[in-house]
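Read the structure below first, then the notes.
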Amino acid sequence: MAACCGAVPLLAQGRSAIDSTLRARADSIQRADSATGALPQAEVPLLTEVGMSHRWNRDSLFSTGALTLADFMDRVPGLMTLRARFYMAPQAAAYNGDVGRVRLFLDGVELESIDARGGGVTELSQFPIAAIEELVIERGANELRVLMRSWRGPLRYTAQTRADIFTGDNRSNTFRGFFARRARNGLAFQAMLQRRSTDDRQLGGDGDATAIFTRLGVIRPSWSLDATLVRVRTTQQSLELINVNSYLATGRELPRYDQIQRDAYLRFATGDASRGAWVQVVAASRQNVENTPARSADASRGFVADSGDTTANRAQFVATAGWTGSRTRLSLTERIRLVNGATLHQPAARAEFEIGRIAASAYVERNPFAKLTRGDAFARVRAGSRLAFLGAVSYGTRGTELLRRDSTDDLVLARHPVARAARAEVAVRLGQLWLQGGAVIRDSAVLRAPLIFDRATPPVLEGRALGAVFTVVGPLFRGFSVHLSGVAWDIPGMYRPRVQTRSELTWRYHWTGATPTGGFDFLLGGQAEYATRSFVPLLGADGSITTLPTFAATPFGLRAEFRLKDATISAQIRNIANVPYTTVPGLLMPGPLAVYGVRWTFWN
């Protein structure tokens with residue numbers, strides 16, 4: 001017995017020595033596998049908000065359960081997403097009632113709409129969010145800028161492989177495969193293939209999309225060079241109008257289409273945008289090819305003349321130089337576009353500083369298309385740890401802009417009034433919870449038409465709009481957190497309900513445990529939305545303009561995620577109560593839609 005009892009400490013010491021040796025060996029292997037240098041990142045703005053800002057890294061991008069870019073934008077007060085469906089059908093967004101005030105940027109290159117169907121309005125369902133490493137939404141007083149940094153791959157020499165497999169209702173299937181490799185000579189290679197498809201036998205609109213993201217780069221201690229390609233081919237069948245509970249299905253059906261969107265760019269960078277002096281030069285090209293065979297049946301179903309077989313190309317050259325200090329950031333950008341043989345210059349400047357309790361930023365840009373200059377200013381002042389004041393103003397000079405071409409291919413121009421908008425908010429912290437509220441005012445504006453849903457929709461001039469915005473965000477207790485936001489306008493308007501709210505309640509549990517896997521994470525969340533009717537203008541045959549209402553929205557959903565080491569199992573259900581509603585007149589949103597699957601990363 002004495003010998004046995006005396007052996008226990010010796011055994012424990014032996015195990016401790018073995019564990020220490022294994023940990024030291026693992027640390028040595030990890031240090032040897034760590035790559036030096038990285039591909040560059042485009043600059044992102046300073047967000048002068050409190051609580052949870054509109055910024056997501058790669059892990060949080062997927063844990064939100066978002067299927068498209070529109071799912072992220074739903075969290076912004078004052079923004080309304082226009083959707084034909086949840087998943088793959090066309091989607092757009094109106095900020096303060098204007099669909100022309102939402103812009104997308106990828107690695108500093110603006111992803112402008114050049115397809116004939118969109119009419120200059122950004123389409124949100126096609127861009128593959130799986131190719132993003134970080135997403136930032138800058139909420140100006142009169143414009144929303146979505147800035148995306150593309151996936152740069154691992155900071156290790158070991159190759160990374162990942163597979164995402166999802167399925168769900170309406171035969172909705174998604175497969176994504178990732179591969180990334182860094183070589184010790186500085187070469188970097190990335191590839192992502194995504195395949196999505198859906199088939200809604202009741203409402204129509206079935207289709208599929210194939211997305212390819214590839215990058216080849218060279219990384220050196222003082223500079224880097226990389227070439228990137230994003231290609232998306234999308235096919236969509238026609239969407240029919242639906243009558244629900246005697247609700248008149250007014251509006252127009254969406255015709256089918258088959259198109260390819262290509263974005264390619266070559267980027268040279270020196271320095272780091274997060275510190276010191278840096279320069280980035282990008283030569284980019286965007287191409288849209290539509291090849292939709294014409295059918296005589298389309299005309300009999302009331303479709304306005306479709307774009308048919310069209311090809312559009314747009315070249316863009318971007319040069320940005322900046323300096324980033326501990327408290328100040330400055331940058332200058334020259335954006336050159338080649339449009340129909342003309343060279344258009346679009347210079348921009350950004351200045352930001354954060355000193356103590358004061359943070360401020362300013363952004364100014366010259367728009368060569370509308371021949372006007374716009375500027376945004378942001379500020380945040382903290383009065384202690386529990387009180388903050390936030391504000392934003394926007395101003396734009398007068399200008400003339402090409403809004404669309406009519407049925408005879410004549411230009412439709414609009415003279416913009418002086419574009420002025422402002423937002424002022426007060427934020428108070430109760431415990432860890434931030435309560436934020438204020439007012440927003442937008443002056444008279446020419447509202448661009450979302451032609452992607454109806455090619456006969458005209459642009460309209462709308463008067464001043466005044467609204468109240470609010471946000472409640474932060475942790476509650478025992479792993480619970482809340483995100484509630486909304487806006488209430490003085491009167492309903494075009495593309496904006498009078499009252500619109502979105503709420504999300506989540507519970508997260510993390511268990512570390514004494515296991516080799518490091519424990520697991522579990523997340524359970526529910527969300528609810530509410531929106532009163534909004535209105536969409538309609539151009540009649542006699543040239544008069546009438547309005548069509550949308551069907552009030554009150555959907556809610558659930559989602560859950562379970563993560564164990566490098567594998568994540570997730571599931572979500574949208575519109576779980578099968579609430580009939582529309583965000584585009586006549587196009588009914590689907591009932592309960594369940595999507596579930598797994599994301600799994602491998603280190604080869």
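In what follows, residues are counted from 1 in the order of the sequence shown. Just so we're clear, the structure is a prediction, and the values are computed from it rather than from any experiment.
- A salt bridge does not link Arg374 to Asp376: none of the charged side-chain nitrogens sits closer than 4.0 Å to a carboxylate oxygen.
- Contact check on Arg329 versus Glu43 returns no salt bridge, with no Lys/Arg side-chain nitrogen under 4.0 Å from an Asp/Glu carboxylate oxygen.
- With Ser150 as the fixed residue, the side-chain hydrogen bond (donor to acceptor under 3.5 Å, both in side chains) test singles out one of Arg215, Gln190, Glu133: Arg215.
- Judged as a ring-ring contact (aromatic ring centres under 6.0 Å, His included), not a single pair has a partner in residues 117-138 (not counting sequence neighbours).
- Using a cutoff of 4.0 Å between basic side-chain nitrogens and carboxylate oxygens, Glu365 and Arg103 are scored as salt-bridged.
- Residues that satisfy the salt bridge (Lys or Arg N to Asp or Glu O under 4.0 Å) test with Arg195, not counting sequence neighbours, are Asp208.
- The side chain to side chain contact (heavy atoms under 4.5 Å, CB included) check on Val339 picks up Arg314, Arg337, Leu344, Phe369, with sequence neighbours excluded.
- Gln194 and Arg176 are linked by a side-chain donor-acceptor pair at a separation below 3.5 angstrom, with hydrogens and angles left out of the test.
- Taking the side chain as every heavy atom from C-beta outward, Gln91 and Thr81 never approach each other to under 4.5 Å.
- Ion pairing of Glu504 with Arg75 is present here, as a side-chain N (NZ or NE/NH1/NH2) and a carboxylate O approach within less than 4.0 Å.
- Phe189 is linked by a side chain to side chain contact (heavy atoms under 4.5 Å, CB included) to Phe179, Ala191, Leu216, counting only residues two or more places apart in sequence or in another chain.
- Closest of all the heavy-atom pairs between Leu82 and Phe453 is O-CZ, 3.3 Å.
- Considering only heavy atoms from C-beta on, Arg101 stays 4.5 Å or farther from Leu144 through its side chain.
- For Arg275, the side chain to side chain contact (heavy atoms under 4.5 Å, CB included) test picks out Asp272, with sequence neighbours left out.
- Ion pair Glu134/Arg152 not flagged as a salt bridge, since none of the NZ, NE, NH1 or NH2 atoms sits closer than 4.0 Å to an Asp/Glu carboxylate oxygen.
- Residues Ile260 and Arg231 meet the side-chain proximity criterion, which asks for heavy atoms closer than 4.5 Å.
- Residues passing the side chain to side chain contact (heavy atoms under 4.5 Å, CB included) test with Ser63 are Ser60, Glu561, sequence neighbours excluded.
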*Which is it for Ile114 and Arg286 under the side-chain contact (heavy atoms from CB on, under 4.5 Å) test, yes or no, and what are the steps along the way?*
CA-CA 8 Å; Ile114 62 172; Arg286 164 162 268 216; 3.5 Å; yes
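- Under the side-chain contact (heavy atoms from CB on, under 4.5 Å) test applied with Val146, the options Glu138, Met73, His54 reduce to a single match, Met73.
- By the 4.0 Å N-to-carboxylate-O rule, Asp258 lies close enough to Arg233 to be salt-bridged with it.
- The two residues Pro347 and Glu334 come nearest to each other via the heavy atoms N-OE1, 3.5 Å.
- Two residues are said to be in side-chain contact when any heavy atoms from C-beta on lie closer than 4.5 Å; Gln527 and Asp74 fail this criterion.
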